[in-house]
Structures are given as structure tokens and as C-alpha cells.
Amino acid sequence: MNILDAILENIAEPFYAITFVVTLWRYPKYYNTPLKFFPIIIAYTLLNEVIAGILLKNPDLFILPINNFYSNYNYFIYNIYNIIYFLYFFLLFWKYIDNIIYKKLILIGSIVFTLISFINIFIQNIYNKPQIITYSFGSIFLIILILTYFNQIEWHQNKLNPTKNILFWIGWGLLIFYSGYLPIKLFKYFKASEYEAHINLYVWLKRFHLFLIPVMYTCFIIGFIKMKRNLKK
């Protein structure tokens, strides 16, 4: 499994880069919509992963104060990233869900998520602990949001092809990833003290997690390639 593990360990960054290039290629079709910030989110993700990978493998490469900060407190970087990431997608799907009641509930849910993110800081140290409550609520709420959006798609109308809808593919990518990874994250968090007893399971869970990343970004890439019309404002 060494070859498979090596591929999975290094496959994410190329997918981020390819997705970023494709989003820029298709940018004229959505530059004036809420999706316009999507390339920034992808670039932000890629930057996080590249810096984390470099500093993990070469901790003494840079003699800078930021290096010590990032090495010792990289949870802080990802905790902030997750908050921004979730809030962006809450806003994106809120914009394209038609039902007024659902839109109000999404707004309330986003406010609750923001409050939970703030409260979680006092429960778990944001600098060196994963904000598990924030991540769990954000993942579950995003899954609900996506399913709500899917529910409004008129699947059976011949004139409407959802596979040419970029939000359809973004939704599927996010749904697959968070439905698969949230249980893994919760298991790893609550069973961390039993790592040695479940080491083989941990290895396979890590492989599955790393596999979910290219699956999600493949959905993004397909969506941007297949979109024919400009996304509505």
C-alpha cells in the first residue's frame, strides 16, 4: 500500500491547483455573482496546505517568527479557515435557495454558527486544539443546506439539466466530502486516547479521508467545465 499512500498523501495540492485554474478559466461566467469569491477560497486552501506541508517536512527551512507560530499553532490557522469556509458556503447557498422561510432559517443558522464559533474558543483552545463543536455544527448545517438546495431543483423537466448547473456539482462535492469526513473527524477526536488500539482502523480512515478530497474537487472541476451559461446573479 506504500504507493497508494504516497499518491493519496500528495494528491490534494494538484487538485487544488487544477481547480483554481479551471475556476479562473470560467470566471467570466460568474464574476458578478456570489460565486465570484470561489477562486479565492480555493487559493486560500492551496496556500494553507502548501505552507503546512513545507513547514512539516522542513521545520528549520525558514528562520522567521511566523515559522514558529505556524509550526506550534497550526490548529489556529485551520480553525480560522474552517469558519471562513463554512460562512462562505452558507452565504452561497442562501443566495440561491428560493423559499423565503428557508432563507430566514439559514440566516438564523449562520448566526448560531458564528456564536458557536465564538463560544467554542472558551471551551477549546483555538491555538492548539481543533474546534470540534464549530466544525461539527458547520458540517451538519452545510449538509442540510445542500439537501435543501437539491430539493428545489426541478429534476424532471426536460428543458432543465441540473448537470450543467455549477451549484449542483459544488453541492455534490461538499455533500460527499462532509458526509464522509465528519464521522471520521469525530471518531478521531473522541478516540484519540485509544490510537494504539485502533491503529489499523486509523490508517484506513486516513486513506478514506485523503480519497474524499480529490472526489470533492473532481466534482468542482466537472461543474465548472460543464457550465454553459452564466450563473444568475
Side-chain angles (χ1 to χ4, degrees), residues 11-13 15-20 22-24 27 30 33-53 70 73-97 106-121 124 126-127 129-149 166-186 188-189 209-221 223-224 231:
I11 201 171
E13 288 80 3
F15 269 88
Y16 300 150
I18 293 170
T19 304
F20 180 67
V22 174
T23 60
L24 293 182
Y27 198 71
Y30 63 89
T33 74
L35 196 60
K36 64 185 176 182
F37 299 109
F38 194 87
I40 297 175
I41 293 293
I42 302 301
Y44 182 21
T45 303
L46 177 60
L47 182 63
N48 261 7
E49 295 300 325
V50 169
I51 293 176
Y70 197 98
Y73 298 103
N74 57 357
Y75 277 119
F76 175 76
I77 304 295
Y78 286 103
N79 286 333
I80 297 299
Y81 166 81
N82 286 329
I83 294 172
I84 296 172
Y85 193 86
F86 282 125
L87 285 175
Y88 169 70
F89 285 109
F90 295 166
L91 172 64
L92 179 64
F93 284 100
W94 174 78
K95 286 285 188 179
Y96 289 98
I97 287 177
I106 293 167
L107 183 59
I108 293 171
S110 300
I111 293 172
V112 171
F113 171 78
T114 304
L115 290 174
I116 287 175
S117 301
F118 179 73
I119 294 171
N120 202 168
I121 295 173
Q124 298 169 298
I126 194 172
Y127 291 105
K129 297 290 183 181
Q131 302 287 282
I132 194 68
I133 302 173
T134 299
Y135 192 91
S136 299
F137 182 88
S139 299
I140 294 170
F141 189 58
L142 182 58
I143 289 171
I144 294 172
L145 248 160
I146 293 167
L147 293 176
T148 302
Y149 176 75
I166 181 59
L167 294 179
F168 170 86
W169 289 101
I170 290 176
W172 269 115
L174 293 169
L175 182 64
I176 292 169
F177 179 82
Y178 285 100
S179 296
Y181 182 57
L182 179 59
I184 294 174
K185 190 172 183 71
L186 291 173
K188 289 169 62 178
Y189 180 81
H209 169 213
L210 294 175
F211 172 72
L212 288 172
I213 296 173
V215 170
M216 176 172 66
Y217 280 85
T218 297
C219 289
F220 294 168
I221 293 168
F224 281 101
L231 186 66

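Computed from heavy atoms alone, side chains included, the values below leave out hydrogens, waters and symmetry copies.
Tyr181 places a side-chain heavy atom less than 4.5 Å from the side chain of Tyr135. Side-chain contact between Lys95 and Phe90 is absent, with no heavy atoms from C-beta onward closer than 4.5 Å. At a threshold of 4.5 Å between non-hydrogen side-chain atoms, the residues Phe76 and Gln131 do not count as touching. The side-chain heavy atoms of Ile170 and Phe89, taken from C-beta on, include a pair separated by under 4.5 Å. Side chains of Phe93 and Ile146 form a contact here, defined as non-hydrogen atoms less than 4.5 Å apart. Residues Thr19 and Leu46 are not in side-chain contact: their nearest non-hydrogen atoms beyond the backbone lie 4.5 Å or more apart. Put simply, the side chain of Tyr189 reaches to within 4.5 Å of the side chain of Pro130, judged on heavy atoms. The shortest distance between side-chain heavy atoms of Phe113 and Phe141 does not fall below 4.5 Å.
Two rings, from Tyr178 and Phe86, have their centers less than 6.0 Å apart. If you look at Tyr16 and Phe20, their ring centroids are not closer than 6.0 Å. Ring centroid separation for the pair Tyr149 and Tyr96 does not come in under the 6.0 Å cut-off. Separation of the Phe38 and Tyr30 ring centroids does not fall under the 6.0 Å cut-off. Taking the ring centroids of Tyr44 and Tyr85, they lie at or beyond the 6.0 Å cut-off.
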Test Leu210 against Ile11 for side chain to side chain contact (heavy atoms under 4.5 Å, CB included), laying out the working first. CA-CA 8 Å; Leu210 294 175; Ile11 201 171; 5.7 Å; no

Decide yes or no on side chain to side chain contact (heavy atoms under 4.5 Å, CB included) for Phe224 and Leu35, but give the supporting numbers first. CA-CA 11 Å; Phe224 281 101; Leu35 196 60; 4.1 Å; yes

Could you walk me through whether Leu167 and Leu92 pass the side chain to side chain contact (heavy atoms under 4.5 Å, CB included) check? CA-CA 9 Å; Leu167 294 179; Leu92 179 64; 3.9 Å; yes

Start with the C-alpha gap between Tyr88 and Ile40, add the side-chain angles, then the distance that decides, and say whether side chain to side chain contact (heavy atoms under 4.5 Å, CB included) holds. CA-CA 11 Å; Tyr88 169 70; Ile40 297 175; over 6 Å; no

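Between Phe168 and Trp172, the ring-plane angle classifies as perpendicular under the 30° and 60° cut-offs.
Note that the CD1 atom of Ile97 and the CH2 atom of Trp94 stand 10.5 Å from one another [nearest 0.5 Å]. Interatomic distance, CD1 of Ile132 versus OG of Ser139, reported as 8.5 Å (0.5 Å rounding). Here the straight-line distance linking atom CD1 of Ile143 with atom CD1 of Ile176 works out to 11.5 Å at 0.5 Å rounding. A distance of 12.0 Å separates CG in Asn82 from CD1 in Ile77, rounded to the nearest 0.5 Å.
Checked by atom type and distance alone, the side chain of Asn79 pairs as donor or acceptor with a backbone atom of Ile126 at under 3.5 Å.
Partner of Phe15 under the side-chain contact (heavy atoms from CB on, under 4.5 Å) criterion, out of Ile42, Ile221, Ile213, Val215: Ile221 alone.
Phe220 approaches Trp169 most closely through the heavy-atom pair CD2-O, 4.3 Å. Smallest separation of non-hydrogen atoms from Ile166 and Gly223: CD1-C, 3.2 Å. Looking at every heavy atom in both residues, Thr134 comes nearest to Ile116 through OG1-O, 3.8 Å. The nearest pair of heavy atoms linking Thr45 to Tyr217 is CG2-OH, 3.7 Å. Residues Ser110 and Leu87 approach most closely at O-CD2, 4.3 Å, considering heavy atoms. Of all non-hydrogen atoms in Met216 and Gly173, the two that sit nearest each other are CG-O, 3.3 Å.
By the neighbour-count criterion of 12 heavy atoms within 6.0 Å, atom NZ of Lys129 is sparsely surrounded, having that number or fewer from other residues, nucleotides or ligands. Within a 6.0 Å radius of OH in Tyr27, other residues, nucleotides and ligands contribute more than 12 heavy atoms.
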